[in-house]
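For reference, the structure is listed below as structure tokens.
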Amino acid sequence: MPDRPDIVQITATASIKKDMHGNRAKCLQRLVRLDLPVPLSVALSFDTVRRLAQGYVPDMCALSAIFEKGDLLSVRSSSEAPDWGGPGTVLNIGMNDAVAARIAEQHGQSAADQLYLSFIRAYAVDVLRLDEDLFADPITPRIALAHFEDEMEEPFPQDVETQLTEVLRSMARAWEGTSARLLRQAKGAPADAGLGLVVQRMALSIGKEETGAGVLQFVSTDTGEPQITGRYLPQSQGRAALSEVDAQFIETDPRGTALEDRCPDQVAALRDAGHLIRTRLREEMQIEFTLMEGRLAILDAVRVPRSARADVRIAVDLAEDGVIPREEALMRIAPFTLNQMMHRQLDPEAPRDVLTRGIAAAPGAATGKLVFTAAAAQAASSQNEPCILVRRETSPEDIRGMHAAEGILTERGGMTSHAAVIARGLGVPCVSGATDLQLDHRKKTLTVPGRRVFHEGDIITIDGSSGQVLVGAVRMIEPDMSGAFATLLKWADAARDIGIRANADTPEDARLAQTFGVDGIGLCRTEHMFFDPIRLTVMREMIFTEDPEDRKAALERLLPMQRGDFIELFKLMQGQPVCIRLFDPPLHEFLPGDRDGIRALAEALDLPVSRVAARIEALQEFNPMLGMRGVRLGITVPGIYDMQARAIFEATVAASEGGDPVVPEIMIPLVSAKREVELIKDRVDAVAAAVRNETGVNFTYRLGVMVETPRAALRAGEIAEHAAFLSFGTNDLTQMTYGLSRDDAGRFMSAYVNQGVYPEDPFQRLDRDGVGELLLLGSARGRAARPGITLSICGEHGGDPDSIAFSRSAGFDYVSCSPFRVPVAKLAAAQLSIADI
Ligand code: PEP
Ligand code: MG
């Protein structure tokens, strides 16, 4: 039969296209081109299948004429991308009384009954949607045929054309069903994605000598390591071997004979075929095969199903074996896949009881007993008891508890609230903004309306990758960052053309960032260096005191601590740039929030509780996020920035001794006016001059501005006159551009995203239209005033692939993100430069 565009026999030269006939049809053609023993197969195009669903019947006579009379046929779905799914395979089309009689004669009644029954069932239940129970075991073909006739009021069709038409039509309609449509769209399929179908002559795989069916792959699904995995079941069809416990292994079976023991030549042929398929299809494939009286047939090959870890290992191995170029290996891995390798993950196969959902604020999963205070978290950790710290929201006082906890769960907050930012920095899984939760701190209970009450000590699990909060412990998969993961990152480094720095606040963070390999530190939030209880107290003393002498004394105590931190940071980063942001504490984050905290502070300051409470009252702001933060604090209480500048410069001198000179970067936060920069610059320059004088050592430094307010973006031109670099703080810039609180947006964000008000949470993915426009404006004005000025983003968006794409196309020099987001950022950056978009 000549090829028709709607029904095409899959030969080496036929015109089979993935976007017309689907992935499976194309793959089968490749196997045919490799001269592998593929049974006669025919592809039906997307268009034919679409029309089938609408009632059109293709030329069945022409179709069945391609096969021989008496052939049994299978139909498989062939969507454009393998993971878009499709209706399940139907086998044994063509079974009827006559064929059953023939098989009974040749292979015995039981083989004939087995085949006939399995087809009647599939046809009745899967194709015509009759009640499954009618065809349940024990049953014989004769009874099944009688049930069929009762239900349908007509006999079971005996001609292959009718059977095939109904099978094709039902598969075409199943593809159009709502749930199938939603499922594939969730996997990225377009609304009008088509389905192709493949009709294939079946090898009977029931009969004399060595006859049966199996499935085989050459790598492990879990790890991607080379390893023959597969099963073979004599006298079976399709993928039955995979679900049958007695199925044989392909090679060496400790339980008895393996296929290779009996059929070494066929297994050798399968190995050769596997090698050929891997090399020519450039992918690890799972092969479905049959043996028919010893003769091998390869029915199908699909991409090996794989975990994240296996995905990376397979791509790297293919590249190392020269099968694909490194660039292609990099392009094959979705960046977020790497997240799954860096953190513990819930085992996708594990049963789960989801209690509620919040925002997936820091990736990874954790199980532990519920605790309600940071102190309880520390106590649990000192007993080696994993715990989940639950808070309404977190504050600096909680930091040690957050460190001690396996996971953090908050009722309030969003992607850039305190809990989320700190958790990502610490690498601790976090779910924030779980607004369904009702916390009772006094009774130490956690309730979700309609569900039971949880008490301190009850076990829960959180999944910071999906935002789920689950009851009890859930089975996990352990992280793995060695081997192929490290190799892939090395290749990503070679391919990318935008810098990746880390946001690292402490030497521990910097050490962690170094393990991922970074181009420097893009943001050191110095206030985070004061979360240690002793330092926190001095810091609070400094904030609390109204007496300039006391403040000076507190700052003098802070100076050596800061200097020590910076020396360590500079040494750790070994000449790479380190960008230190001057203090930017939203003051409320440093004030104790409850009675216990106030009492502890009163003790530490040796003041009456009432005085401390009154001072807290006086420092309260209606809008701390828009209050005395950042440069405003620096200008109002200049001693703080003076102390920090001194600590930075003294550390510069110390860390440069005997090595390459350190060139620190100092960044001014929350700027909105040029004059702010001038005032701070004058003071910092003066401190630098003083330190040069005192030490007799010359050094340079770079002063830059953090663009976090819309006004700073708009006035970037004049601000750039005094700034060697501009770093866009997109967390605050998003907050201020939208007028959207970082800490409260979680309450309505999902409603907004679900209703399409925002396409995405703008704290997670940079809003290209609004915030993005400010970035472009600011960078253009900055560049115009100061050509060659260094530009970057250092908000949480620095770790988001889409935001990295934006930054790269805007010509930024680097992005900076939490250490744990660096691998994803690197891979995303590499993909952008390979695709050059
Ligand atoms: C920002 O605002 O984007 C930023 C990086 O600073 P922070 O998150 O500390 O406010
Ligand atoms: Mg900020």
Side-chain angles (χ1 to χ4, degrees), residues 361-362 393-396 399 413-426 430 432 501-506 509 521-531 579-590 623-634 665 667-672 676 704-713 725-745 761-767 770-772 774-775 778 791-800 803-804 806-807 812 814-819 821 825:
E393 59 205 345
T394 59
S395 71
I399 192 83
M415 216 28 214
T416 55
S417 59
H418 182 268
V421 173
I422 298 293
R424 276 197 296 279
L426 295 174
C430 173
S432 65
R501 294 198 196 179
N503 294 351
D505 306 335
T506 58
D509 291 349
I521 291 178
L523 172 64
C524 170
R525 293 173 163 107
T526 46
E527 61 281 0
H528 290 181
M529 293 173 148
F530 292 90
F531 289 154
C579 181
I580 296 166
R581 177 175 81 181
L582 299 173
F583 263 143
D584 176 20
L587 281 187
H588 71 296
E589 284 193 6
F590 280 86
N623 243 325
M625 272 289 185
L626 303 178
M628 200 156 79
R629 283 179 63 189
V631 69
R632 299 164 195 169
L633 185 68
E665 296 179 352
M667 183 152 75
I668 313 173
L670 220 76
V671 165
S672 57
E676 289 168 327
V705 166
M706 212 166 159
V707 179
E708 302 178 274
T709 65
R711 192 174 193 282
F725 60 90
L726 297 179
S727 189
F728 291 89
T730 46
N731 300 335
D732 274 310
L733 195 56
T734 300
Q735 168 167 265
M736 296 194 206
T737 304
Y738 278 85
L740 192 64
S741 161
R742 289 163 68 165
D743 296 312
D744 299 315
D761 178 348
F763 288 111
Q764 295 194 39
R765 176 171 300 176
L766 186 80
D767 156 46
V771 180
L774 282 172
L775 256 58
L791 297 169
S792 61
I793 62 172
C794 63
E796 281 306 311
H797 302 93
D800 170 64
S803 315
I804 296 170
F806 178 91
S807 308
F812 286 12
Y814 67 88
V815 296
S816 190
C817 56
S818 323
R821 305 188 80 189

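This chain uses plain numbering: 1 for the first residue, then up along the sequence. One-based numbering, in listed order, for ligands and for the atoms of each.
Listed by chain and number, the protein atoms of type N/O/S under 2.8 Å from the Mg ion (ligand 2) are E708 OE2, D732 OD2; waters are omitted.
Judged purely by atom type and a 3.5 angstrom limit, S818 has no side-chain atom pairing as donor or acceptor with the backbone of R821. A donor-acceptor pair under 3.5 Å is formed between the side chain of N731 and the backbone N or O of E796.
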Nitrogen or oxygen contacts under 3.5 Å, ligand 1 side and protein side:
from	atom 1	to	atom 2	distance (Å)
ligand 1	2 (O)	E708	OE2	2.9
ligand 1	2 (O)	D732	N	2.9
ligand 1	2 (O)	D732	OD2	3.0
ligand 1	3 (O)	G729	O	3.2
ligand 1	3 (O)	T730	N	3.0
ligand 1	3 (O)	N731	N	2.7
ligand 1	3 (O)	N731	ND2	3.4
ligand 1	6 (O)	R581	NH1	2.9
ligand 1	8 (O)	R525	NH2	2.8
ligand 1	8 (O)	N731	ND2	2.9
ligand 1	8 (O)	R742	NH2	2.8
ligand 1	9 (O)	R525	NE	2.7
ligand 1	9 (O)	R525	NH2	3.4
ligand 1	9 (O)	R581	NH1	3.0
ligand 1	9 (O)	R581	NH2	3.0
ligand 1	10 (O)	R629	NH2	3.4
ligand 1	10 (O)	D732	OD2	2.9
ligand 1	10 (O)	R742	NH1	2.8

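Residues satisfying the side chain to side chain contact (heavy atoms under 4.5 Å, CB included) criterion with T526, sequence neighbours excluded, are C524, M529, Q562, F566, I580, F583, Q644. Checked against side chain to side chain contact (heavy atoms under 4.5 Å, CB included), D732 has the following partners two or more places apart in sequence or in another chain: M625, R629, L670, E708, Q735, M736, R742.
Minimum heavy-atom separation, F812 to I793: CE2-CG2, 3.6 Å.
Residues I422 and T394 fail the side-chain proximity criterion, which asks for heavy atoms closer than 4.5 Å. Residues V421 and R424 have side chains in contact (heavy-atom distance under 4.5 Å, counting atoms from C-beta outward). Looking at heavy atoms from C-beta onward, M706 lies in side-chain contact with R581 at the 4.5 angstrom threshold.
Once rounded to the nearest 0.5 Å, the distance linking CG of L626 with OG of S741 reads 9.0 Å.
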